[in-house]
Structures are given as structure tokens and as C-alpha cells.
Amino acid sequence: KLSIMILILCGILFILSILRGDNILNAFLFAVALAVAAIPEALSSIVTIVLSFGTQKMAKEHAIIRKLQAVEGLGSVSVICSDKTGTLTQNKMTVEDYYIYPKRISVSELNFENDSEKELLISSILCNDGMITDGEQIGDPTETALLAVLREKKYIEYSFSDVREACPRLSEIPFDSDRKMMSTENKCDGRYVIYVKGAVDVLLKRITHIRKYGSEKPELINEEDRLYIEKQNLEFSREGLRVLAFAYKELDAEKELTLEDENNLVFSGLIAMMDPPRQESKQAVEECIKAGIRPVMITGDHKVTAAAIAKRIGIIKNESEACEGAVIEEMSDEELRTFVEGISVYARVSPEHKIRIVRAWQERGNIVAMTGDGVNDAPALKQADVGVAMGITGSEVSKDAAAMVLTDDNFATIIKAVENGRNLYQNIKNAIQFLLSGNLAAILSVLYASVVNLPVPFAPVHLLFINLLTDSLPAIALGLEPHTKAVMEEKPRPMNESILTKDFMLKIGTEGLSIGITTMIAFLIGYKGGNALLGSTMAFATLCSARLFHGFNCKSDRPVVFTSKLLNNIYLIGAFVVGLALVTMVVMIPGLHSIFKVQTLNLTQLLIVYGLAAVNIPIIQILKAIRLALKKKEK
């Protein structure tokens with residue numbers, strides 16, 4: 001859009017020059033030079049450089065960016081759909097309680113000599129793929145926590161490897177997110193036994209018998225037994241504990257397990273584990289909400305467990321903001337789009353639910369970040385605007401599908417990445433503001449000269465010098481402006497908001513006008529007496545210097561004079577010093593005059609140039625203060 005507008009403007013100036021009697025070739029050369037100077041063609045390079053520096057900073061803070069555009073996308077995220085286990089919690093599961101109907105047993109009171117307790121413990125070891133080798137836990141933290149009980153209880157005569165050796169595994173049906181179960185077939189003391197673990201609500205539907213505490217033989221389960229088990233599960237869940245149910249079934253002979261074998265089971269007990277929230281999760285959620293971002297927890301855990309953890313870290317205030325995946329199963333996409341607004345915790349979800357939840361938020365006009373670690377999460381990660389994979393527990397498939405990978409699997413790292421994204425976007429906007437306001441000043445100066453029939457204030461070489469040197473260095477430096485936490489006090493920008501908003505264009509217009517006026521004042525002072533070359537030299541030197549000073553104006557939307565922020569960017573100071581030195585050399589060294597179409601300035605003229613250039617700082621800072629005061633008054 002900018003290029004089209006500027007080319008049309010340059011075409012108009014070309015025609016005006018012809019009408020004034022200028023040589024066609026000279027008029028065309030000037031129009032092309034003005035187009036080159038006015039169109040910020042270095043912008044794409046500057047954006048890429050700034051984003052690349054941003055990815056380096058994020059990598060140091062445990063966020064690996066796989067797709068460069070995700071850096072900018074993070075800055076506008078308005079909803080973060082996050083997994084619970086390992087991201088909001090520590091993923092350090094510890095067993096807290098056992099339950100063998102009708103008795104709740106603390107892990108500290110566990111008695112391995114008791115047959116009922118021993119049987120449940122053996123079930124948890126055999127229906128388990130975890131390992132502990134030389135003190136290192138290998139596998140899913142839930143499974144390794146079940147094995148760690150033996151070590152913590154110091155059962156010297158038993159170890160999980162002894163149990164597995166005594167009861168070798170013959171076949172298995174691995175856990176999957178749809179069944180929410182895992183089954184193994186083992187040979188124990190000449191018996192063929194299926195051991196099953198899974199979600200309580202899923203296993204209870206498949207249980208026909210129950211082995212009660214102290215009983216040697218199972219008996220038929222009745223409705224009262226089921227209610228007691230469900231009540232205990234609810235009690236565990238309200239305490240924020242994750243609960244696994246265990247069951248078994250004896251076979252007549254060895255066979256290859258099928259899904260049909262996971263029915264008509266004997267209930268052996270529940271094991272409740274704690275996965276405490278990360279210490280930094282609560283603060284990260286607070287920052288998230290303060291920044292206008294909606295945190296949404298999506299987990300495979302029981303609804304009550306998920307709600308208890310979500311309450312603890314501040315995602316929800318009451319349980320009505322939580323639901324299970326089954327609730328949205330029968331909803332149409334339109335119904336879900338309305339429903340998601342009131343829900344911040346989704347429990348017992350499948351990968352398909354995740355995609356629908358993400359899409360529903362997107363259809364409401366939100367930019368959505370989604371975390372995931374499993375193979376089944378890949379479609380949801382691709383559907384999200386910013387897919388975030390787990391670096392520690394994540395599968396290679398999920399990492400390939402994601403735009404960002406967390407090397408510490410931490411929700412707080414996502415918030416840091418959002419903060420970085422917002423700062424980078426703001427820095428890029430500052431660079432654009434710097435480039436466009438300076439370019440506008442050049443265009444306005446030329447337009448003014450054409451309208452009042454003055455000589456052209458700039459030679460083509462002047463415009464190219466400005467474009468190559470006094471534009472690029474400060475613009476890159478503004479892109480590297482130190483980050484501030486103030487960006488997290490703002491709301492996410494709307495999904496379809498253009499960079500060139502009305503407010504932004506107004507700022508560019510007023511700042512470009514200020515620089516353009518001081519540039520033409522310098523031209524008129526030099527042109528006094530008919531010396532067009534002196535006028536052009538002073539206009540060129542003033543425009544270059546004013547743009548260098550203007551870099552400090554573009555650091556922030558707020559006034560920065562008399563604050564530490566004015567001189568906190570070493571790159572901008574360096575660009576200013578180098579740029580001002582180059583401009584001074586061009587107008588003061590006679591050997592460069594023929595190349596750059598200038599003449600030597602005396603000390604008074606040089607001070608006038610510097611003074612007119614520098615006056616833009618107080619003018620624009622006052623305008624910023626007025627604009628800020630008016631905004632506060634509107635609020």
C-alpha cells in the first residue's frame with residue numbers, strides 16, 4: 001500500500017517538474033530517487049534481523065522458535081490453551097494414598113505384608129512401563145511414581161524388578177487417550193492374570209466383581225459398592241490428587257490380549273497421587289490475566305482434580321468454569337463457539353476435542369496458543385496460531401508440528417515468550433514509525449518546494465545517502481530496544497488490526513510534519529540570496545541530523561526525556577554518533593562535495609543545522625505528553 005501511494009506521489013512530482021520546465025531525464029531521476037528514499041525497502045530486512053535477535057533471546061529463556069513468524073504471533077496471543085501435567089504442574093508425581101474398599105491407607109502406613117495391599121502394589125508394578133535405574137526415573141512420571149513407593153518404603157526384600165521377574169509379561173494393550181486404559185497379561189505362580197489400570201470412571205463400567213480389604217476371594221460388586229468407590233474418587237479429586245483405578249482378571253490359559261479381554265474385571269483398588277503446581281505457575285497465570293490473555297487448562301485428568309489445581313493457581317474461581325470433554329461431544333461448532341467463553345478448564349478431553357476448542361476460540365476472533373506433547377496433539381498444534389510443544393516430554397511428531405518448543409515444559413516460559421513477542425512487535429512498530437515519519441518529512445519538503453516554485457531541496461544522491469545510512473542504522477537499533485514489562489499491562493491487539501492504525505498514522509503525520517518544517521526552514525535560510533546549493537546542503541544536513549535525533553523520539557509512545565530510558569539503548573547511541581559523524585564529514589570535507597552535491601558550511605550554519613535538527617526532540621516529546629494526557633482524560 002505504501003509503495004503504491006508513494007509511486008503515485010512520485011509520478012505527480014515528476015509531472016510537476018516537467019511542467020516547471022525541468023529536463024525530463026533529471027525529473028525522472030529525481031522522482032526515482034525520491035521513491036527509493038520514501039519506500040522503506042529495508043523494512044523487511046530490519047524485521048527479519050529484529051525477529052532473529054528475538055529468537056536468540058527466547059532460546060536463552062527456554063523457548064526455541066521453529067518458525068520465525070511465531071515471534072510476532074506470540075505478541076498478539078489472546079488465549080493460551082495449556083496442558084496441566086508438567087506445564088502448570090511439576091510433573092513430579094508422588095503417591096499419597098491407597099484405597100482398598102472400604103479402607104483409605106496413607107502411603108506412610110502401607111503394609112506390604114498385608115495380602116490386599118500387596119496385591120494392589122503388585123498390580124501397579126506389573127501394569128507399568130516405567131523404570132528406575134541407578135536412581136534415575138525413566139518413563140511416564142505417573143508410572144515411575146508407582147515404582148518409587150518400594151524404594152521409599154525401603155522394602156529391602158522386594159524390588160520392582162524382582163516382582164516383574166517373578167511375574168513375566170506375556171502380552172499387553174498399551175495405554176491410549178481414547179480408551180484411557182492399559183492392560184498387561186502376566187504369568188504369576190502358574191496363573192495367567194490380566195492387570196488393568198486406567199481412569200476410575202472408565203474402569204468402573206467394566207468391573208463386575210470386587211476384592212474387599214482383607215478378603216481372599218472377589219465377590220459380585222453392587223450399586224452401593226460403586227457409589228462408595230465414586231465417593232472416594234471424588235474426595236481424592238477435591239484434594240487435587242490424580243487417581244488411577246486398578247483391576248485384574250484371571251485367565252484359564254495364555255492368550256494374546258484383545259480389547260474384549262478388558263471387560264468383566266475385578267476391582268482391586270485406587271491409588272491417588274499428587275502432582276503439585278509449579279511455584280511460578282500462579283504468578284504466571286496472574287501476569288497472563290493482567291495482560292488480557294485468557295488461560296485455559298486442557299487435561300486428561302478428572303474434572304474435579306483439574307478444577308482443584310486450576311483454583312489453586314488462579315485459572316478459575318469456581319467449579320462451574322470446568323467441564324468434561326463428553327459435554328462438548330454432542331455440541332455443534334456454533335454451540336461450542338458460545339460455550340467456550342464460560343469455560344476455562346476442560347477435563348477428560350480427547351485430541352479431537354482439543355482441535356474443536358482451539359477452532360472455537362479462533363472463530364471468536366482470538367489468536368490462540370496451544371501446548372501439546374503427544375503424537376495425537378499434532379493436529380491441534382497445527383490448528384493453533386502458535387503451537388507450543390514440550391521439549392522434555394514431547395514427541396518428535398509434536399515438535400515438528402509446533403512453532404515453538406519449550407525446553408523446560410513450563411507454562412511460565414510461554415508468558416515470557418509472549419512478553420518477548422509483544423516487545424519485539426513494539427520495537428518493529430517503533431522502527432516503522434521512525435522510517436515513515438522521516439520519509440514523510442522528505443516528501444513534504446519536496447512537495448512544498450514544488451508548490452511554491454522553489455528549487456528542488458535535495459539532489460538524488462542526498463536521498464540515497466539518507467536511505468542507506470541515516471535510515472538503516474537507527475531503525476535496526478530501535479528494533480533492538482531493551483525490553484520492558486510495561487507491554488504486559490496492555491490488552492492483546494485485535495486479530496485483524498493493521499500496523500498502520502489511525503492513531504499510528506497520526507503520530508507519523510505530526511512527527512513527519514515537524515521534521516519537514518525544520519528541514520525547509522534550513523533550506524530557506526541557506527537559499528536566502530539565491531544560493532540554491534547552500535540551501536540544498538543545509539536542508540540535506542538538517543534532514544539527516546533530524547532523523548538521527550528523531551530515533552530517540554521513537555523509543556516509546558511516552559515522553560522519554562529526563563528518564564533513564566533516553567540513553568538505555570547502546571545501539572541507538574552508536575547509530576546516532578556514527579550517522580552524525582558521517583553527515584558532518586560530507587558537509588565539511590571539500591573532497592566529498594562534488595560526490596554529494598554540497599558545499600562547505602561555516603560554523604554558524606552548522607550550528608543552525610544541528611539546532612533545527614535537535615529542536616524536534618522537545619517538540620515531539622511535548623506532543624507525546626499532550627497525547628498521553630488526552631488518552632488518560634478519555635479513560
Side-chain angles (χ1 to χ4, degrees), residues 50-51 53-65 69-82 87-88 277-297 310 313-317 344 361 365-371 384-386 388 403-404 406 408-433 478-495 497 499 501 503-504 554-560 563-565 568-569 624 628 631-632 635:
V50 172
L51 291 178
F53 274 101
T55 62
Q56 288 184 350
K57 179 176 171 60
M58 289 187 187
K60 291 174 185 174
E61 296 176 352
H62 308 291
I64 307 295
I65 302 298
Q69 65 268 32
V71 180
E72 187 266 338
L74 278 163
S76 55
V77 163
S78 52
V79 176
I80 299 176
C81 296
S82 174
T87 309
L88 290 163
R278 288 178 182 265
Q279 290 183 346
E280 60 271 31
S281 287
K282 187 171 184 179
Q283 184 183 347
V285 167
E286 284 176 6
E287 287 179 19
C288 194
I289 295 168
K290 188 179 177 183
I293 301 169
R294 176 78 171 266
V296 176
M297 178 194 287
I313 59 179
I315 290 179
I316 63 173
K317 291 182 180 177
S344 294
W361 278 113
N366 293 279
I367 302 290
V368 183
M370 171 81 199
T371 71
D385 298 285
V386 182
V388 183
M404 182 171 85
L406 303 183
D408 60 355
D409 292 12
N410 193 341
F411 180 81
T413 302
I414 304 175
I415 307 306
K416 285 182 190 172
V418 169
E419 184 182 314
N420 279 322
R422 288 191 178 188
N423 272 297
L424 288 168
Y425 183 79
Q426 186 58 51
N427 287 353
I428 289 168
K429 276 191 76 172
N430 291 343
I432 293 171
Q433 183 181 338
L478 283 167
L480 302 177
E481 182 74 14
H483 290 187
T484 170
K485 284 195 170 291
V487 293
M488 295 302 280
E489 295 172 10
E490 302 165 7
K491 302 298 178 190
R493 64 182 183 276
M495 188 175 184
E497 183 183 88
I499 288 178
T501 59
D503 183 56
F504 191 60
C554 294
K555 286 168 66 69
S556 173
D557 288 337
R558 298 170 176 272
V560 294
T563 70
S564 59
K565 191 173 174 66
N568 69 342
N569 187 342
K624 284 180 185 288
L628 194 65
K631 276 188 178 179
K632 284 182 179 177
K635 288 179 181 179

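Keep in mind it's a predicted model, so treat the numbers as computed, not measured.
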For Val487 versus Arg422, what's the shortest heavy-atom pair and its separation? O-NH1, 3.0 Å

Check whether more than 12 heavy atoms from other residues, nucleotides or ligands sit under 6.0 Å from atom CD of Glu497, and answer yes or no. yes

With a sphere of 6.0 Å drawn around CZ of Phe53, does it hold more than 12 non-hydrogen atoms of other residues, nucleotides or ligands? no

Of all heavy-atom pairs between Ala284 and Ile415, which one has the smallest distance, and what is that distance? O-CG1, 3.8 Å

Take a 6.0 Å sphere around CD of Gln283 and say whether it holds more than 12 heavy atoms from other residues, nucleotides or ligands. no

Atom CG in Leu424, atom CG in Leu480: separation rounded to 0.5 Å? 9.0 Å

Within this structure, what is the CE-CD1 distance for the pair Met297 and Ile316, rounded to the nearest 0.5 Å? 7.5 Å

Rounded to the nearest 0.5 Å, how far apart are SG of Cys81 and CH2 of Trp361? 8.0 Å

Quick check on Lys60: does its NZ atom have over 12 non-hydrogen neighbours (other residues, nucleotides or ligands) under 6.0 Å away? no

Please report the closest heavy-atom contact between Asn430 and Lys555, naming both atoms and the distance. ND2-O, 3.3 Å

Closest non-hydrogen atom pair, Ser281 against Ile313: CB-CG2, 4.1 Å

Pairwise distance CD1(Ile414) to OG1(Thr371) - rounded to 0.5 angstrom: 5.5 Å

Rounded to the nearest 0.5 angstrom, the CZ-CD1 distance for Arg294 and Ile80 is 12.5 Å

Answer yes or no: is there a donor N or O on one side and an acceptor on the other, between the side chain of Ser78 and the main chain of Ile367, under 3.5 Å? yes

Contact summary for Met58 and Gly421, nearest pair of heavy atoms: CE-N, 3.7 Å

Can you name the closest pair of heavy atoms from Ala63 and Ala417 and give their distance? CB-CB, 4.5 Å

Do the side chains of Arg558 and Lys565 get nearer than 4.5 Å, heavy atoms only? no

NZ/NE/NH1/NH2 to OD/OE distance under 4.0 Å, Asp503 and Lys631: yes

Walk me through it: do Glu286 and Lys290 pass the test salt bridge (Lys or Arg N to Asp or Glu O under 4.0 Å)? CA-CA 6 Å; Glu286 284 176 6; Lys290 188 179 177 183; over 6 Å; no

Do the charged groups of Lys429 and Glu481 touch, with an N to O distance under 4.0 Å? no

Check whether any side-chain heavy atom of Asn410 lies under 4.5 Å from a side-chain heavy atom of Glu280, and answer yes or no. yes

Test item: Lys624 side-chain N/O and Ser556 main-chain N/O as donor-acceptor pair under 3.5 Å: yes

Is any side-chain heavy atom of Ile65 closer than 4.5 Å to a side-chain heavy atom of Leu74? yes

Exam field: side chain Asn366 to backbone Val368, donor-acceptor pair closer than 3.5 Å: no

